[in-house]
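This report concerns only the one structure given below.
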Amino acid sequence: MTSEGSAEIEGLNCPVNEIGRRDALGLFFGASAALALSACSSDTSIDGGDQTTTPSSPATELEGTTSDLTLNLWAEPTTAEITPGVTTDVYSFGAEVIDGDPASVTPSDSYLGPTLHMRTGQRVRISFENRLPDESIVHWHGLVVPQDQDGQPADAVAPGATYEYDFIVDNLPGTYWYHPHPHGRTGEQVYMGLAGLLIVHGDEPQLPAGDNDVALVLQDRTLGSDGQLRYVNSMHDQMAGFVGDTLVTNGVTNLNIEVRREAYRIRLLNGANSRTQYLTWSTGQPLIAIAIDGTLLPEATAVDGLMLTPAQRTDLWVDFSTFEPGQNVELLSADTFIESGSMMGNGMGNQTESDLDLDPSVAATFIVTDSEPSPGSLPDSLGTAPGFGAADAVNPSAPKEMILSTRRAAHWINNDQWEGRVASDVETVTANTVELWEFVNQSPMAHPMHLHGRPFLVTSRTWDDDSAAGSWAAIEPSIIDSGLRDTVLVWPGQRVQIAIPFADHLGYFLYHCHILEHEDGGMMRNFLVI
Ligand code: C2O
Ligand code: CU
Ligand code: CU
């Protein structure tokens, strides 16, 4: 989109193409991606501080190097001011660095957990202590880790107990998050405040960093007149997913952020339980996406509106140099999901474009300060195009069907629901192969489907029943399917085909709807990698 091509990634002694190749292979070979990457030396710094971390260690020294990170992480009941002057009971993650770069944990000013900063190839040990009155466990959403590091419901620990994590960060740099995953309680615990950003750092093309790297966690809450959080209280909430009446961004209502007249990277996470957000800029400018679900797009993609489902991330590139000092640039959010994709919304998903003219609310306001304008430029090439496609699958002409349905006041996958650590034949896959799956949505609601630790590529969207095709046509320009995802929106009547490389971590991993009330209600299963 701009002038500066980059033949080499700054600060890195490997040519881009070389990284690209390894990158694509890494999807198949798991940990070897990190090994391959760390063979290229680098000395880039962690954002949010002036600290320069130790250069990546050679592959052979991955275990036990000084760049390791050891953290204590806990979840506990506490209080927060979500809206000014009102004290609300919440749950919150806290963390401290026991060993490693002190900038690896940056506290939030809200109920949100601190942002955890990790590096590709880094060995991370985390001791999680559950100080909640209920069982819990922490999942690193998007990270590719072994089964016992994944934070699955079966690993939930009792109040007062701890769970020890020890894994190597295998993912390329990008935006991830962490949240609890106890079965039946995930929605409530996330809603009570348990969520935080997890940012993987490493070798990236030159993008805005430091103060110019801003993250927004988009959520919603309903506060009662007593100032306390209100959660699911009806069958409707359970079936449609709970949507709060107020947007809460970075843990507060009415978030304002001062920005200089420079380029910024704005990392967006939809951390809401159920609300799919249709995002626009108040200025009418396009949103320029540079990464989705933790992976840099091959090239920047401009959209007029951006559909972000629960758990999805999009990193935006924004150049504030074109604005006048004092100007407010608002990130607007409309809840199109309930209106267009919900069985409870009017018309069962049959809306048309005019329904996108919903009254959007302000998710965050960027206030442009009086500073010298310094226009930014975006690298021509960002990430690597995924090195595989439908043709690489072991079942190119017989994709596996995962049928999503709604009946008996519940949501189902292939007529099954959560039943612990079991997987059916169709859910059993062979390590180091690519499979084609199709999410076939026979439910009247849209479902954002997520797979643990297996970034995938959307290879086609077709219709089994096109009665919701009209509303889809309205939002389709806001859907980015061109890079790897870990969560994909499946519209009612749609058949979404994905190609999934099953990396070599063996065992059970979850796939589920990321509407947390659906997940808690049983719309969650395992795939078993053998
Ligand atoms: Cu955010 Cu099972 O995941
Ligand atoms: Cu996940
Ligand atoms: Cu769902």
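Counting starts at 1 for both ligands and their atoms, following the listed order.
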Handout entry: D245 atom CG: more than 12 heavy-atom contacts under 6.0 Å
Key =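 Buried by this count: over 12 neighbours within 6.0 Å.
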Problem - CZ (R407) with more than 12 external heavy atoms under 6.0 Å - result: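 It does: R407 CZ has more than 12 such atoms within range.
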Exercise for the section: Output, by chain and residue number, all protein N/O/S atoms separated from atom 1 (Cu) of ligand 1 by less than 2.8 Å. Expected result: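 N, O, S partners closer than 2.8 Å: H141 ND1, H179 NE2, H514 NE2.
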Handout entry: H514 N/O/S atom closer than 2.8 Å to the Cu ion (ligand 2)
Key =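 No, outside the cut-off.
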Practice task
Examine H181 and say whether one of its N/O/S atoms is closer to the Cu ion (ligand 2) than 2.8 Å.
Solution key: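 Given the 2.8 Å cut-off, H181 does not count as a ligand of the Cu ion (ligand 2).
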Problem - Given H183, H512, H452, H514, the one that forms ring pair (Phe, Tyr, Trp, His ring centres under 6.0 Å) with H139 - result: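 Only one of H183, H512, H452, H514 forms a ring pair (Phe, Tyr, Trp, His ring centres under 6.0 Å) with H139, namely H452.
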Exercise for the section: Say whether Q442 and S405, considering side chains only, have a donor N or O and an acceptor N or O under 3.5 Å apart. Expected result: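 S405 and Q442 do not have a side-chain donor-acceptor pair below 3.5 Å.
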Quick one: side chains of residues 190-200, donor-acceptor pairs under 3.5 Å with protein atoms, not counting sequence neighbours, listed by atom name and distance.
{"from": "Y191", "atom 1": "OH", "to": "T222", "atom 2": "N", "distance (Å)": "2.8"}
{"from": "Y191", "atom 1": "OH", "to": "T222", "atom 2": "O", "distance (Å)": "3.4"}
{"from": "Y191", "atom 1": "OH", "to": "R230", "atom 2": "O", "distance (Å)": "2.5"}

Exercise for the section: Let me see the working for W437 and F456 under ring pair (Phe, Tyr, Trp, His ring centres under 6.0 Å), right down to the final yes or no. Expected result: CA-CA 10 Å; W437 286 18; F456 53 79; 8.9 Å; no
Handout entry: Check: A95 main-chain N/O paired with N72 side-chain donor or acceptor under 3.5 Å
Key =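 Here the side-chain-to-backbone pair does not exist.
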